[in-house]
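Counting from 1, the numbers follow the sequence of the chain as shown. Numbering of ligands and ligand atoms starts at 1, following listing order. Quick caveat: nothing in here was measured; it's all calculated off a predicted structure.
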Amino acid sequence: MGKAEIGLIGLGTMGAALALNIAEKAGRIAVWNRTTEVTHRFHADAGDLAPRIIPTESLADLVASIESPRAIILMVPAGQAVDDQIAALAPLLDSQDLVIDAGNADFHDTNRRAAAGLPFRFLGMGVSGGEEGARHGPAIMGGGRAEDWARVAPIMQAIAARAEDGTPCAARMGDAGAGHFVKMVHNGIEYADMQMIAEVYGLMRDGMGQDAASISEVFARWNRGVLQSYLIEISAAVTAARDPLTGQAMPDVILDRAGQKGTGRWTAIEAQHLGAPIPVIEAAVMARNLSARLPERQAGQALFGAAPGPVSIAPERLEQALIAGKILCYAQGFAMIEAASARFGWTLDLPQIARVWRAGCIIRSAMLNDMAQALAEDPSRNLVMAPFFADLLRRAVPDLRAVVTAGIAAGHGLPALAQGLIWFDMARTARGTANLIQAQRDFFGAHGFERLDGQDAPHGPWGLKV
Ligand code: 6PG
């Protein structure tokens with residue numbers, strides 16, 4: 001067999017799936033895993049694709065098996081493992097070889113690695129779509145030099161998901177950490193989308209006493225409308241599933257304690273650094289953190305009684321509330337990307353990001369087509385200002401308001417939906433209340449303020465006693 005076009009390190013779930021995808025759609029691939037047995041088992045299980053896979057037993061072997069200049073994908077856990085792998089590869093590679101970190105790296109780490117003067121070329125690449133996506137078509141968000149991306153773009157476009165119009169969902173987002181940054185915001189939106197779906201699920205389950213099977217029907221119906229998306233589709237599937245052990249609905253036997261690997265939290269932290277308001281995502285991260293505190297919640301219920309009481313809301317209104325929440329959340333996410341673009345000098349292409357997210361990734365949805373179009377009309381305009389989405393919001397916000405007020409009045413925690421509404425109300429109020437904040441700041445700290453009439457006003461007359 002000739003040499004491989006590309007190599008891959010790390011045959012965990014995602015790495016193995018990506019390697020098979022490459023072998024199937026893009027060409028020969030050499031693979032290496034720290035545990036040799038894993039490499040051989042992977043090769044033995046590869047079936048028809050085995051002849052296109054070169055299993056290797058050492059890093060030197062791997063490097064020798066790849067056509068020069070080489071491209072090697074790292075699929076190892078984010079953080080120290082990536083630095084260790086880079087250090088191990090350094091003496092083996094030439095300056096024209098290219099290492100691609102395809103894990104869920106913190107974009108700051110990718111920036112640091114890209115600036116570190118590595119003895120080879122380096123790309124950071126966000127890959128979304130879970131195991132299934134990695135195997136059959138993920139969304140790919142590249143970051144690094146344009147010429148380095150161009151070298152591997154044909155492979156990435158061959159293995160990526162395709163949008164309905166046939167465009168591959170793989171593109172270079174910008175320099176250095178730009179790909180991992182966009183993937184991070186994708187994950188923040190993923191958290192928020194999931195949380196909002198869970199909130200309406202809670203209203204149906206606890207407020208209206210609907211069982212999982214009937215909730216599943218509602219989700220399935222929504223999946224044929226404006227909300228059509230992977231996350232609504234899988235919500236319909238998981239609420240329809242039965243537990244083989246007890247025969248109960250599957251969600252009813254699952255503990256309400258959600259894990260997280262950190263990308264949602266990174267999004268919230270980064271948004272604070274950027275001064276970008278993303279309250280729906282922040283609320284979703286908060287909800288996950290609170291979900292993890294099960295003993296505290298149990299003690300709270302014992303002391304104060306369970307909160308959620310009955311509500312009566314038509315499913316059509318819940319659907320509209322979710323439509324509004326989704327638009328508001330994405331508008332915040334895209335605005336955060338725009339803020340980062342300016343801060344980091346990346347010139348991130350918002351319509352292109354929306355296009356890449358149309359297929360393959362976890363947040364893929366029909367609405368992203370419209371978002372791509374609205375952003376293409378004017379990338380610097382907030383999504384809520386685009387006529388298409390402004391129209392949707394005019395119709396949907398009254399239902400979001402009705403759902404949030406009814407839900408909160410009955411004791412349902414609806415943090416993400418409520419934060420969407422609060423942001424919307426504040427973001428469309430020309431005269432807010434920060435004039436009082438400015439007066440307070442000037443009073444205790446002489447921070448100054450601007451006057452409405454534009455006159456000079458060094459400070460307020462705070463010395464006067466009233
Ligand atoms: C994806 C997912 C994937 C994974 C994340 C989030 O786009 O394929 O976002 O990257 O699900 O690690 O997981 P947590 O919920 O554990 O943070």
Side-chain angles (χ1 to χ4, degrees), residues 10 12-21 73-79 81-82 100-107 109-110 124-143 156 159-161 163 169-171 173 177 179-198 229-235 237-238 254-271 278 280-292 329-330 333 337 353-365 368 416:
T13 312
M14 291 293 284
L18 204 67
L20 290 174
N21 190 357
I73 297 174
L74 298 186
M75 263 303 198
V76 299
V82 175
I100 305 156
D101 176 12
N104 259 335
D106 181 332
F107 81 97
D109 285 340
T110 308
M125 196 170 83
V127 178
S128 175
E131 182 183 2
E132 186 63 16
R135 175 64 188 88
H136 297 293
I140 297 179
M141 293 145 261
M156 299 312 162
I159 64 166
C169 292
M173 304 284 119
H180 279 135
F181 179 89
V182 173
K183 174 66 187 359
M184 176 192 77
V185 178
H186 164 284
N187 280 32
I189 293 174
E190 171 187 308
Y191 276 47
D193 247 345
M194 293 165 75
Q195 173 64 24
M196 288 187 288
I197 297 170
S229 60
Y230 174 70
L231 285 170
I232 291 284
E233 181 192 326
I234 66 165
S235 302
V238 299
I254 299 177
L255 197 60
D256 60 326
R257 184 160 66 187
Q260 55 180 316
K261 292 199 214 85
T263 41
R265 183 188 311 129
W266 295 347
T267 313
I269 292 169
E270 205 49 45
I278 55 156
V280 181
I281 295 172
E282 286 167 347
V285 176
M286 178 282 289
R288 281 216 198 174
N289 292 337
L290 199 50
S291 87
C329 160
Y330 280 65
I337 293 175
I353 292 168
R355 284 196 293 274
V356 165
W357 288 349
R358 286 180 302 171
C361 66
I362 302 293
I363 64 169
R364 61 186 182 260
S365 72
L368 273 161

G129 versus ligand 1: do any nitrogen or oxygen atoms come within less than 3.5 Å of each other?
yes

Who passes side-chain contact (heavy atoms from CB on, under 4.5 Å) against A284, sequence neighbours left out?
Y191, A192, Q195

Distance filter under 4.0 Å to I362 heavy atoms, resulting ligand 1 atoms:
1 (C), 2 (C), 7 (O), 8 (O)

Starting from atom 13 (O) of ligand 1, which protein heavy atom do you reach first, and at what distance in Å?
K261 NZ, 3.8 Å

Please list the nearest protein heavy atom to atom 9 (O) of ligand 1 with its residue and the distance rounded to 0.1 Å.
E190 OE1, 2.6 Å

Please confirm whether G264 approaches ligand 1 to less than 4.0 Å, judged on its heavy atoms.
no

Counting heavy atoms only, name the option from K183, H186, R288 that's nearest to atom 3 (C) of ligand 1.
K183

Could you give the distance from CH2 (W266) to CD (Q260), rounded to the nearest 0.5 Å?
11.5 Å

Any idea which part of M141 is under 4.0 Å from ligand 1, heavy-atom wise: side chain, backbone, both or neither?
neither

Within ligand 1, which atoms have a heavy atom of S128 less than 4.0 Å away?
1 (C), 7 (O), 8 (O)

Atoms of ligand 1 close to N187 [distance to a heavy atom under 4.0 angstrom, numbered from 1]
5 (C), 6 (C), 7 (O), 9 (O), 10 (O)

Contacting atoms of ligand 1, where contact means under 4.0 angstrom from a heavy atom of Y191:
14 (P), 15 (O), 17 (O)

Are any of the N/O atoms on G130, whether in the backbone or the side chain, positioned under 3.5 angstrom from an N/O atom of ligand 1?
yes

Between CG of D109 and CG of D101, what distance do you get to the nearest 0.5 Å?
9.0 Å

Side chain of H136, backbone of N21: donor and acceptor closer than 3.5 Å?
no

Tell me every residue that passes side-chain contact (heavy atoms from CB on, under 4.5 Å) with A163, counting only those two or more places apart in sequence or in another chain.
D165, C169, R358

Heavy atom of C361, distance to ligand 1 below 4.0 Å
no

With distance as the sole test, does R364 use its side chain to make a donor-acceptor pair with the main-chain N or O of C361 at under 3.5 Å?
yes

Value rounded to 0.5 Å, distance of CZ in R265 from CZ in R288
10.5 Å

To the nearest 0.5 Å, tell me how far I100 CD1 sits from M75 CE.
10.5 Å

Within this structure, what is the CZ-OG1 distance for the pair F107 and T263, rounded to the nearest 0.5 Å?
13.0 Å

Heteroatom proximity flag, Q260 to ligand 1, N/O under 3.5 Å
no

